[in-house]
There are 2 protein chains.
Amino acid sequence: MTTIRDVAKHAGVSVATVSRVLNGNGYVHEDTRSKVEQAIRELNYTPNEVARSLYKRKSKLIGLLLPDIMNPYFPQLARGVEDEMQENDYRLIFGNSDESKKKEMEYIQTFIQNNVVGVISSTNDPEADMYQDLNIPVVFLDRTSNDRPSVYADGREGGRIAAREIVRRGSKAITLMQGPANVRPAQERFEGAAEALAEQGASFQVLKTTSFSLSRAEGFAQEVFRRYPDTDGVIASNDILASAVLKEAHRLGKRVPEDVQIIGFDDILLSSLLYPSLSTIHQPAYEMGREAAKLLIGLIEGERMERSSVEFSVTFIERQTTRKVES
Amino acid sequence: MTTIRDVAKHAGVSVATVSRVLNGNGYVHEDTRSKVEQAIRELNYTPNEVARSLYKRKSKLIGLLLPDIMNPYFPQLARGVEDEMQENDYRLIFGNSDESKKKEMEYIQTFIQNNVVGVISSTNDPEADMYQDLNIPVVFLDRTSNDRPSVYADGREGGRIAAREIVRRGSKAITLMQGPANVRPAQERFEGAAEALAEQGASFQVLKTTSFSLSRAEGFAQEVFRRYPDTDGVIASNDILASAVLKEAHRLGKRVPEDVQIIGFDDILLSSLLYPSLSTIHQPAYEMGREAAKLLIGLIEGERMERSSVEFSVTFIERQTTRKVES
DNA sequence: TTGTAAGCGTTATCAT
DNA sequence: ATGATAACGCTTACAA
């Protein structure tokens, strides 16, 4: 391993000088600079980030905590974060929390131990002590906090839109699937939809679901039609659930969208590939990830941020699981 | 920030003693130990991993390099790696390479700068200098190397199976989609399938594709039926492409599997949610990720590994895009 | 059984 | 404009 001392020796200068050219601060004569730069090139030297991190008490590392990267919605967030960070020379330490507070704490702990300079987290409890006590910037992604920076989509409005669109297209017996109680965005969607449905005087029932996993999804989908056989419209809490419902509708010989309309949430890759393709509420996940990263970087680098949270609006993507209607 | 000195002071011992109880080496009196442990608890101390890493010249960090986490196949690998690492107290620095050598090199570079103790990489060029010159263990995941540890699925055999199954089920004019030329697993699948098709004297044409991205996939799917209108069987190079083909078949009013059979590759979540659900060659991605992590940990911790590479076998998942046949 | 001190590779302060 | 050197928080000889 080649160190700054090797470079100094090779260039015939002190380590201090090498450090100066490396960091571009302090005075250094042009000739000296080029000698040093040449030595760096010849020895193929790159500074040890760990030593830097130790001295400065800050690294170029960011902690990223997501519930489950296997859930198709999160890779887009992750990639958005990663791309923005990469472009700004930050690296990611990544963990899955499974929506579990314990795992979250363990990760936050190790983030700190590794001198990360900021964290991005999709937590259900942004007010938890572990975040309040953190003395580095945190940005909540896909989650809302009242008093801390967050980047999220307007789930409540998404729910309202879904409700309006399905009613407008003629569903009379709507089943509204309510996502896991502890997952905040899922609850907001639900509340928005329930509100709007009620406002419009639509008749609907609620089916509680407790998980977004595929295996469970199929069970919930069956339950929809078993418990509410006359259902002619389903608002699912995400696209996975919606897909499962669509599949179940097929299995039961129901025509979509003629007999049953279905609206999902998220607009993951899958949705456009289904047949019929899934009408859904789109969230700009990749962009949200990027924005969270931007925000965090701003916070880290001490810029005064004009806004500390950003809410993305969602849009209805009309595909084939809803009926056509005059606009 | 509380350091080992604070703990030492609080417990009335030297830092060396604290270090000893922390690491469980050297002699330390039982009474002293409990004093120290109490101090640790009272101060809520956790050791600074950066300082450790600097001194020992090794961290508890692993570099994970994947082509693109938004491609639905990779999250499963990533999660497998993560779970195994997490259980063994290793953390992941994660990056996307987009199959680009330049990005790969940049990441490997920063991995080294951060003292990672091992790397897991899905590269198309395991023999590249950047890997050969690395003096920490590397495991190639989803990719093969002759002389270095790797964890991969038997893509060639997968291609053969796909070919046999589709022929056996009666397709006579098969279009074989060849994945991006620089992506090794894609080429192996292709070669396996082409071989087996030839052996069986089946008639087939090849359509080259250059990307796995969704937007491109739809174009390639259209090309299949435009260029080879009499196609009655498609072997796609992955499930995304297969889904696009399925969708296009729908659009053209072709019945699946009666008019066209389709076989995909990977068995991602999506596949079982499609309608008809997609017959595909399953790779145990999550398990592969775990296995790669296990292997790497063994290498890092200096165990003599009984086998340094593991090949997973693939299986045909018969769903609804292929016809039923007597077994 | 415990403590002192050197050293890991940097950066930054202070001389010169 | 450059060089010595202390310091960052830890581990580990070595001494006591």
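Treat the numbers as computed from the prediction; the structure is a model and nothing was measured. Within every chain, numbering begins at 1; the chains are lettered A, B, ... in the order of the sequence lines, protein sequences first and strands thereafter.
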Peer 1: Considering only side-chain heavy atoms of Ala16(A), which listed nucleotide, dT2(C), dA4(D), dT10(C), is closest?
Peer 2: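 Looking only at side-chain atoms, Ala16(A) lies closest to dA4(D).
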Peer 1: State, with a plain yes or no, whether a side-chain heavy atom of Lys60(A) is found less than 4.5 Å away from one of Arg91(A).
Peer 2: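 A side-chain contact is absent here, since even the closest heavy-atom pair is not under 4.5 Å.
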Peer 1: More 5' along DNA chain D: Ser14(A) or Tyr55(A), using each one's nearest nucleotide?
Peer 2: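 The residue whose closest nucleotide sits nearer the 5' end is Ser14(A).
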Peer 1: Using atom CG of Leu43(A) as one end and atom C1' of dG9(C) as the other, report the distance to the nearest whole Å.
Peer 2: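 Checked: the CG to C1' distance equals 15 Å.
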Peer 1: Considering only side-chain heavy atoms of His29(B), which listed nucleotide, dG9(D), dT2(C), dG3(D), is closest?
Peer 2: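 Nearest to the side chain of His29(B) among the choices is dT2(C).
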Peer 1: If the cut-off is 4.0 Å, is Asn23(B) near the phosphate of dT11(D), judged by side-chain N/O to OP1 or OP2?
Peer 2: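 So the side chain of Asn23(B) is within the cut-off, an N or O lying under 4.0 Å from OP1 or OP2 of dT11(D).
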Peer 1: What's the closest nucleotide to the side chain of Thr17(A) if the choices are dG9(D), dT2(D), dT10(C)?
Peer 2: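 Given the options dG9(D), dT2(D), dT10(C), the side chain of Thr17(A) is closest to dT2(D).
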Peer 1: Which sits closer to the 5' end of DNA chain C, Tyr45(A) or Val13(B), going by the nucleotide each is nearest to?
Peer 2: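 Its nucleotide being nearer the 5' end, the pick is Val13(B).
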Peer 1: With side chains defined as the heavy atoms from C-beta onward, is the minimum distance between Leu92(B) and Gln86(B) less than 4.5 Å?
Peer 2: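 A side-chain contact under 4.5 Å is absent here.
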Peer 1: Base of dG3(D), side chain of Arg20(A) - is there a donor-acceptor contact under 3.5 Å?
Peer 2: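 Answer is yes: a donor-acceptor pair is held.
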Peer 1: Contact class for Val50(B) (heavy atom, under 4.0 Å): base, sugar-phosphate, or nothing?
Peer 2: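 No contact at all - Val50(B) keeps every heavy atom at 4.0 Å or more from the nucleic acid.
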Peer 1: Rounded to whole angstroms, how far apart are CZ on Arg57(A) and P on dA12(C)?
Peer 2: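 These atoms are roughly 12 Å apart.
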Peer 1: Does a salt bridge link Glu49(B) with Lys56(B), judged by any charged N lying under 4.0 Å from a carboxylate O?
Peer 2: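 Here Glu49(B) does not pair with Lys56(B) in a salt bridge, since their nearest N and O are not under 4.0 Å apart.
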Peer 1: Check every strand shown and say whether Thr32(A) touches a base, only sugar-phosphate, or nothing at a heavy-atom separation below 4.0 Å.
Peer 2: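 Sugar-phosphate only.
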Peer 1: Checking Ser122(B) side chain against Leu141(B) main chain: does a donor-acceptor pair fall under 3.5 Å?
Peer 2: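 Looks like yes, one N/O pair under 3.5 Å.
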Peer 1: Which whole-number value in Å describes the distance from Ile40(B) CD1 to dC10(D) C1'?
Peer 2: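 It works out to 13 Å between those atoms.
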Peer 1: Between Asn48(B) (CG) and dT11(D) (P), how many Å, whole number?
Peer 2: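 Taking atom P of dT11(D) as the reference, CG of Asn48(B) is at 9 Å.
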Peer 1: Considering residues, nucleotides and ligands other than Lys35(B), do more than 12 of their heavy atoms fall under 6.0 Å from its NZ?
Peer 2: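 Counting other residues, nucleotides and ligands, NZ of Lys35(B) exceeds 12 neighbours.
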Peer 1: Mind calculating the distance between CZ (Arg5(B)) and C1' (dG3(C)) to the nearest angstrom?
Peer 2: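 Value for this atom pair: 12 Å.
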Peer 1: What is the separation between atom OH on Tyr27(A) and atom P on dT2(D), rounded to the nearest whole Å?
Peer 2: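 The distance from OH of Tyr27(A) to P of dT2(D) comes to 12 Å, rounded to the nearest Å.
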Peer 1: Looking at the side chain of Leu54(B), which of dA4(D), dC10(D), dG9(C) is the nearest nucleotide?
Peer 2: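 Within the option list, the nearest is dG9(C).
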Peer 1: Give one of base, sugar-phosphate or nothing for Ser19(B), where a contact means two heavy atoms less than 4.0 Å apart.
Peer 2: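 Base contact - Ser19(B) has a heavy atom under 4.0 Å of at least one base atom.
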Peer 1: The side chain of Leu22(A) is closest to which nucleotide in this list: dC8(D), dT11(C), dT2(D)?
Peer 2: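 Of the options given, the side chain of Leu22(A) lies nearest dT11(C).
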Peer 1: For Lys9(B), is the NZ atom crowded, meaning more than 12 foreign heavy atoms sit under 6.0 Å from it?
Peer 2: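 For Lys9(B), atom NZ is not crowded (no more than 12 foreign heavy atoms under 6.0 Å).
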Peer 1: Measure NZ/Lys56(A) against P/dG9(C) and give the value in whole Å, please.
Peer 2: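 From Lys56(A) NZ to dG9(C) P: 18 Å.
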Peer 1: Closest approach to the side chain of Thr3(A), judged atom by atom: which nucleotide of dG9(D), dT2(C), dG9(C) is it?
Peer 2: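 From the listed options, dG9(C) comes nearest.
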Peer 1: What is the distance, to the nearest angstrom, from the NZ atom on Lys58(A) to the C1' atom on dT11(C)?
Peer 2: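 The answer, rounded to whole Å, is 14 Å.
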